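Heads up, the thing below is written out as structure tokens.
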Amino acid sequence: MQKNSLKTGTPESWSKRDEQLVWHPFSPLVGEGPIMIEKGEGPYLFTPDGRKIIDAISSWWVNIHGHGRKEIAEAIAAQAMKLEQVIFAGFTHEPAVKLAEGLQEILPKAHSKIFFSDNGSTSVEVGLKMALQFWHNIGQKRTRIVAMEGAYHGDTFGAMAVGDRGAFSEPFHPYLFEVDFIPYPAGHNDEEVIEAFRKLAKSGEIAAFIFEPLLQGSAGMRAYPPALLDILMQICQENDIITIADEVMTGFGRTGKIFATDYLDHAPDIICMSKGITGGFLPLGVTSCSGHIEDAFRTSDKSKTFYHGHSYTANPLACAAAVASLDILLSEQCTRDRLRIYHQHELFAERMRDHSKVSRVRHLGTVVAFEVNTPEQTGYMNKVRDTLYKEFMDRDVLLRPLGNVVYILPPYVISNEDLDKVYNAVEEVLEKI
Ligand SMILES: Cc1ncc(COP(=O)(O)O)c(C=O)c1O
């Protein structure tokens with residue numbers, strides 16, 4: 001038998017075969033096909049026909065240390081030679097324990113348990129289910145969840161339910177459980193947000209409040225201040241509402257601190273993590289919780305067990321990658337790099353604030369974003385998005401605007417020179433459109 005029966009071919013033939021068979025995420029089935037990538041190194045993606053593309057969005061926010069990071073690749077290889085997978089119910093392994101201990105060092109002190117899953121959406125599902133079962137286990141009827149308008153927490157049903165209702169979720173609306181949404185804190189409506197929240201909190205029915213701390217990613221990198229979130233957290237504390245911070249995008253240094261909730265005075269009860277956790281090498285989700293939550297499950301009464309799990313829960317390779325990624329994240333070099341990017345972004349943000357074609361410039365840690373002024377209403381479906389994406393790609397810069405929102409979210413290894421190439425591409429494209 002042939003060792004490898006896959007047909008080889010030219011980049012064009014690969015693309016053709018992809019187009020015939022492969023269904024890509026968030027992509028219409030008609031229109032331009034995908035670009036073949038052969039290799040990744042640092043901030044670059046290489047195509048078979050010689051293009052070198054700067055990945056200025058860390059490949060959907062996951063490759064925090066860039067591509068092909070040797071330390072992570074080696075950690076995975078070493079682990080693969082020992083143990084690639086074992087059922088995680090009734091068994092454990094070194095990388096899982098090491099990672100749990102490593103995470104405990106950077107999580108709020110009260111966090112005592114780490115639950116593993118596979119991606120951001122599942123880390124959110126776990127957080128929601130933990131919170132709801134907490135109330136069930138202690139025999140109190142609290143069944144409602146509060147979320148923020150504009151939120152995005154993933155694509156599984158629970159995660160979709162607590163996300164903003166829009167075109168993406170429309171076909172599924174009849175199947176999503178009811179959620180109380182508070183207005184997004186847009187800067188001019190703090191009192192309205194706080195009052196809406198206080199009113200819901202006082203109902204005594206709220207089990208949990210879930211939020212993307214300080215930065216709503218998919219809604220267009222919208223930033224809101226820690227002081228406002230602290231007020232909401234305080235209301236939760238006063239009304240025994242469980243707080244769930246979705247740090248899937250903001251975690252692991254993205255906003256300047258290790259977690260965005262590190263900017264707050266109040267620590268969340270549950271934290272959802274994924275994306276950057278393995279440095280982009282392997283899928284992994286993690287949900288941590290405080291001892292207070294854990295206590296409601298710590299019983300020999302089997303009806304109170306958390307009956308949730310995935311086949312690949314705590315996959316040893318993913319855990320080994322995450323341990324290696326965490327070491328890099330906490331290194332002096334990486335800390336310096338994040339600060340350097342922050343300063344570079346700030347200089348760029350200043351230029352953008354004076355630019356006549358853009359508005360609402362925001363900058364938090366290693367993320368900088370702004371809106372391109374268009375006659376059309378803002379939003380994900382804004383037509384300028386496709387033009388911008390193509391123009392950036394024509395300049396070998398991967399930026400994936402969210403509607404008319406352009407954001408730069410680079411791997412921490414990107415050099416100042418490459419950052420300048422990205423900024424220049426943005427400024428050139430703004431001149432052109
Ligand atoms: C804040 C937030 N939560 C959850 C998710 C879902 O993560 P995943 O795509 O890994 O399921 C995302 C993805 O963009 C996200 O930004």
Side-chain angles (χ1 to χ4, degrees), residues 23-27 57-64 114-133 145-181 184 207-222 242-252 254-255 259-261 268-278 280 282-289 306 308-315 318 322 367 380 400 402 407 409:
W23 200 332
H24 289 261
F26 284 95
S27 311
I57 57 161
S58 306
S59 273
W60 251 344
W61 323 342
V62 303
N63 284 82
I64 56 176
I114 302 289
F115 194 97
F116 294 98
S117 61
D118 313 327
N119 56 67
S121 305
T122 53
S123 75
V124 167
E125 295 289 337
V126 169
L128 292 171
K129 285 176 73 174
M130 257 181 199
L132 291 169
Q133 193 177 333
I145 307 272
V146 179
M148 250 185 214
E149 278 172 12
Y152 179 77
H153 296 289
D155 285 343
T156 49
F157 272 82
M160 255 197 303
V162 292
D164 204 49
R165 307 292 155 93
F168 294 175
S169 59
E170 201 183 334
F172 315 107
H173 286 178
Y175 312 99
L176 303 181
F177 61 78
E178 247 183 66
V179 167
D180 296 300
F181 288 97
Y184 171 76
F209 168 45
I210 184 164
F211 52 90
E212 293 160 89
L214 310 191
L215 195 62
Q216 279 192 331
S218 300
M221 297 296 158
R222 300 198 294 190
I242 296 170
T243 47
I244 308 175
D246 178 350
E247 293 260 17
V248 167
M249 192 272 286
T250 50
F252 302 102
R254 192 45 81 187
T255 66
F259 292 109
T261 41
D269 301 301
I270 293 176
I271 300 184
C272 310
M273 294 155 261
S274 187
K275 292 224 185 249
I277 192 166
T278 66
L282 285 163
L284 183 69
V286 166
T287 311
S288 68
C289 74
F306 191 51
H308 183 104
H310 303 276
S311 313
Y312 281 92
T313 296
N315 171 256
V367 186
Y380 192 87
R400 226 183 118 86
L402 297 153
Y407 70 91
L409 193 152

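Owing to the predicted nature of the structure, the values given are computational and were not obtained by experimental measurement.
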With E170, which residues qualify under side chain to side chain donor-acceptor pair (under 3.5 Å), at least two apart?
none

Show the numbers, then the answer: is there a side chain to side chain donor-acceptor pair (under 3.5 Å) between D269 and T243?
CA-CA 5 Å; D269 301 301; T243 47; 3.0 Å; yes

Please answer whether the main-chain N or O of S123 pairs with a side-chain N or O of T287 as donor and acceptor at a distance below 3.5 Å.
yes

Closest non-hydrogen atoms of A131 and A208, given as atom of the first, atom of the second and distance, are CB-CB, 3.8 Å

Could you walk me through whether R165 and V179 pass the side chain to side chain contact (heavy atoms under 4.5 Å, CB included) check?
CA-CA 10 Å; R165 307 292 155 93; V179 167; 3.9 Å; yes

Nearest 0.5 Å, please: how far is SG in C272 from CZ in F115?
12.0 Å

Could you tell me the separation between the CG atom of L284 and the OG1 atom of T278, rounded to the nearest 0.5 Å?
6.5 Å

Only counting residues at least two apart or in another chain, list the ones meeting ring pair (Phe, Tyr, Trp, His ring centres under 6.0 Å) with H24.
none

Should the pair F209 and F211 be assigned to parallel (<30°), tilted (30 to 60°) or perpendicular (>60°) ring geometry?
tilted

Can you confirm whether more than 12 heavy atoms, excluding those of F306, are under 6.0 Å from its CZ atom?
yes

With sequence neighbours excluded, what pairs up with Q216 under the side-chain contact (heavy atoms from CB on, under 4.5 Å) test?
M148, A151, Y184, E212, A219, R222

Derivation and outcome, side chain to side chain contact (heavy atoms under 4.5 Å, CB included), residues F252 and K275
CA-CA 9 Å; F252 302 102; K275 292 224 185 249; over 6 Å; no

Provide the closest heavy-atom pair for N119 versus S274 in the form atom of the first, atom of the second, distance.
C-OG, 3.3 Å

How long is the span from the CD1 atom in I242 to the CD1 atom in I210, to the nearest 0.5 Å?
11.5 Å

By side-chain contact (heavy atoms from CB on, under 4.5 Å) - contacts of D164 (at least two apart)
E149

Rounded distance (nearest 0.5 Å) linking atom CG of D118 with atom CD of E125:
12.0 Å

Looking only at heavy atoms, what is the nearest atom pair of G217 and L402, with distance?
O-CD1, 3.4 Å

Please find the pair of heavy atoms, one from L409 and one from S58, that lie closest to each other, and give the distance.
O-OG, 2.9 Å

Set of side chain to side chain donor-acceptor pair (under 3.5 Å) partners for S121, sequence neighbours left out
none

Nearest 0.5 Å please: distance from the CD1 atom of I271 over to the CD1 atom of I114.
9.0 Å

Quick one: pull up CE in M249 and CZ in R254 and give me the separation to the nearest 0.5 Å.
8.5 Å

Begin with the C-alpha distance, continue with both residues' side-chain angles, and end with the deciding distance and a verdict on side chain to side chain contact (heavy atoms under 4.5 Å, CB included) for Y175 and M160.
CA-CA 10 Å; Y175 312 99; M160 255 197 303; over 6 Å; no

Just jot down the side-chain contact (heavy atoms from CB on, under 4.5 Å) partners of L132, sequence neighbours excluded, or say none.
I145, A207

Partners of T250 by side chain to side chain donor-acceptor pair (under 3.5 Å), sequence neighbours excluded?
E247

I'd like to check the side chain to side chain donor-acceptor pair (under 3.5 Å) partners of Y407; sequence neighbours left out, ordered by chain and number.
W61

Testing the basics here: between F181 and A161, what is the closest heavy-atom pair and its distance to 0.1 Å?
CZ-O, 3.7 Å

Any pair counted as ring pair (Phe, Tyr, Trp, His ring centres under 6.0 Å), so long as it reaches residues 149-171, sequence neighbours left out
F26-F168, F157-F172, F168-Y380

Taking all non-hydrogen atoms of both residues into account, name the closest pair between T261 and P213 and its distance.
CG2-CB, 3.8 Å

